[in-house]
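Throughout, numbering of the chain's residues begins at 1 and tracks the sequence.
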Amino acid sequence: MVSTSPPLADALAAGPVVLDGGLSNELEAAGHDLSDALWSARLLAEEPEAVVRAHQTYYEAGAQVAITSSYQATFEGFARRGVGREEAAALLARSVELARAAAGRARAGGVAGPLYVAASAGPYGAMLADGSEYRGRYGLSVAELERFHRPRLEALAAAGPDVLALETVPDSDEAQALVRAVRGLGVPAYLSYSVAGGHTRAGQPLEAAFATAADVDEIIAVGVNCCAPDDADEAVRLAARVTGKPVVVYPNSGESWDAEARSWRGSPAFGADRVTGWAADGARLIGGCCRVGPESIAELAALLGR
């Protein structure tokens, strides 16, 4: 199914657009075990209906953009499970198709307005499933990273999403590879870093990191995700100033993961009331990441009048 909505870039020019929240949140809340190297991508083959329901829940909560379950879906990762290249490409395409199906159901249920699909492409470290997605600096060249990302992006683009989500990027070298890899695909993209303070997770200054995408026509928005809400505040202002593009922002709830106790600690710092500041500073694609569920997205959507 092809999108009949106006181009996402046009929607961003008109005002803020609401992203969804953490897909894994919703899947785990429904009882699905995601303790797997493929994470939510495992369900593309095993329980696709669960993915559709999770996307639909976010659309019904007020999200206008659903991010697909392909964050950790790669040819290499699937190959380790004995999944051949042709089947892996079909699963990548399925991630887009399931989000489209959810949009169709949401519309049939009375959800009005344009609904978009963002095809997720996580960083190289997400494929490794060893935490390096939050460190970067993999020891690979920009050219090697481009060769890794391009085939997956081609498969996702061929499925016809509205935008490619180059998300949770920890490192400006990988960002360079990604912006090269999206050239000529015929689908726009947004670039979103995972950050800590005023730096990428790899320790590079954010100003230089954002500048990587400033003159890339294929990139329609630049910003941050999977970070603390406090870190998002200054990053939004900086991304807008450096790139002149719409800003994408979808931080975590603000809780922290205790690896020893295997539980979340602290209190959520993601409040829908923060979004007015982000929107005033140039954010146009606004949502939540880890631990941000449908209730928070509904509050955010109401605040933005969506």
Side-chain angles (χ1 to χ4, degrees), residues 1 3 18-75 77-84 87-111 115-122 126-127 129 133 152 155-156 159-165 167-168 225-226 250 252-253 257 262-264 287-298 300-301:
M1 186 188 302
S3 175
V18 180
L19 271 170
D20 61 6
L23 182 62
S24 62
N25 272 63
E26 193 56 24
L27 291 168
E28 288 175 332
H32 300 285
D33 180 8
L34 303 183
S35 57
D36 184 281
L38 288 175
W39 202 34
S40 59
R42 177 177 59 81
L43 301 184
L44 289 172
E46 296 178 11
E47 297 186 74
E49 176 61 24
V51 178
V52 176
R53 288 196 299 268
H55 287 315
Q56 183 179 349
T57 297
Y58 277 114
Y59 280 133
E60 291 173 345
Q64 296 164 277
V65 182
I67 302 174
T68 64
S69 55
S70 51
Y71 174 82
Q72 228 149 328
T74 63
F75 288 105
F78 282 131
R80 289 199 292 264
R81 298 297 180 83
V83 177
E87 185 181 354
L91 289 172
L92 285 162
R94 182 180 293 175
S95 71
V96 175
E97 293 159 4
L98 297 180
R100 286 269 182 247
R105 290 187 192 179
R107 287 193 191 94
V111 174
L115 299 178
Y116 298 95
V117 172
S120 174
M127 179 271 295
E133 65 195 286
R152 175 173 56 152
L156 290 169
D162 297 289
V163 66
L164 295 165
E167 58 175 349
T168 325
N225 76 289
C226 205
Y250 51 117
N252 298 333
S253 69
W257 176 252
R262 297 195 59 75
S263 63
W264 292 91
C289 202
C290 301
R291 303 284 290 175
V292 178
E295 298 81 6
S296 294
I297 296 304
L300 189 157

Asks: Could you check S95 against L156 for side chain to side chain contact (heavy atoms under 4.5 Å, CB included), going step by step and ending with a plain yes or no?
Replies: CA-CA 8 Å; S95 71; L156 290 169; 3.8 Å; yes

Asks: Assess whether side chain to side chain contact (heavy atoms under 4.5 Å, CB included) is satisfied between N25 and V292, documenting all intermediate values.
Replies: CA-CA 7 Å; N25 272 63; V292 178; 5.9 Å; no

Asks: Starting at OH of Y59, measure out to CD1 of I297 and round the result to the nearest 0.5 Å.
Replies: 13.0 Å

Asks: Which heavy atom of M127 sits nearest a heavy atom of R80, and at what distance?
Replies: O-NH2, 2.8 Å

Asks: Under 4.5 Å between any side-chain heavy atoms of S24 and C290, yes or no?
Replies: no

Asks: Mark yes or no for whether Q56, through its side chain, and A106, through its backbone, hold a donor-acceptor pair below 3.5 Å.
Replies: no

Asks: So, does Y58 use its side chain to make a donor-acceptor pair with the main chain of V65 at under 3.5 Å?
Replies: no

Asks: Minimum heavy-atom separation for A102 and H55, please, with both atom names.
Replies: CB-CB, 3.4 Å

Asks: List the steps and the verdict of side chain to side chain contact (heavy atoms under 4.5 Å, CB included) for T68 and L98.
Replies: CA-CA 8 Å; T68 64; L98 297 180; over 6 Å; no

Asks: Heavy atoms only: give me the nearest V51-S69 pair and the separation to one decimal.
Replies: CG1-OG, 3.7 Å

Asks: Below 4.5 Å, heavy atoms only, C-beta onward: do E47 and R53 meet side chain to side chain?
Replies: no

Asks: For a quick test of reading the model, state the closest non-hydrogen atom pair linking A103 to L115 and the distance between them.
Replies: O-CD1, 3.7 Å

Asks: With sequence neighbours left out, what residues match E46 under side chain to side chain donor-acceptor pair (under 3.5 Å)?
Replies: R42

Asks: Of all residues at least two apart in sequence or in a different chain, which pass the salt bridge (Lys or Arg N to Asp or Glu O under 4.0 Å) check with E295?
Replies: none

Asks: Please name the pair of heavy atoms, one in R291 and one in S253, separated by the smallest distance, quoted to 0.1 Å.
Replies: CB-OG, 3.2 Å

Asks: Does some side-chain heavy atom of Y71 sit less than 4.5 Å from a side-chain heavy atom of L23?
Replies: no

Asks: Test side chain to side chain contact (heavy atoms under 4.5 Å, CB included) on R100 and D162 and set out the steps.
Replies: CA-CA 10 Å; R100 286 269 182 247; D162 297 289; 2.9 Å; yes

Asks: Verify, without hydrogens or angle tests, whether R152 (side chain) and T74 (backbone) share a donor-acceptor contact under 3.5 angstrom.
Replies: no

Asks: So, the side chain of D20 versus the backbone of I67: is there a donor-acceptor pair under 3.5 Å, distance only?
Replies: yes

Asks: Under 3.5 Å, is there a donor-acceptor pair between the side chain of S70 and the main chain of A73?
Replies: no

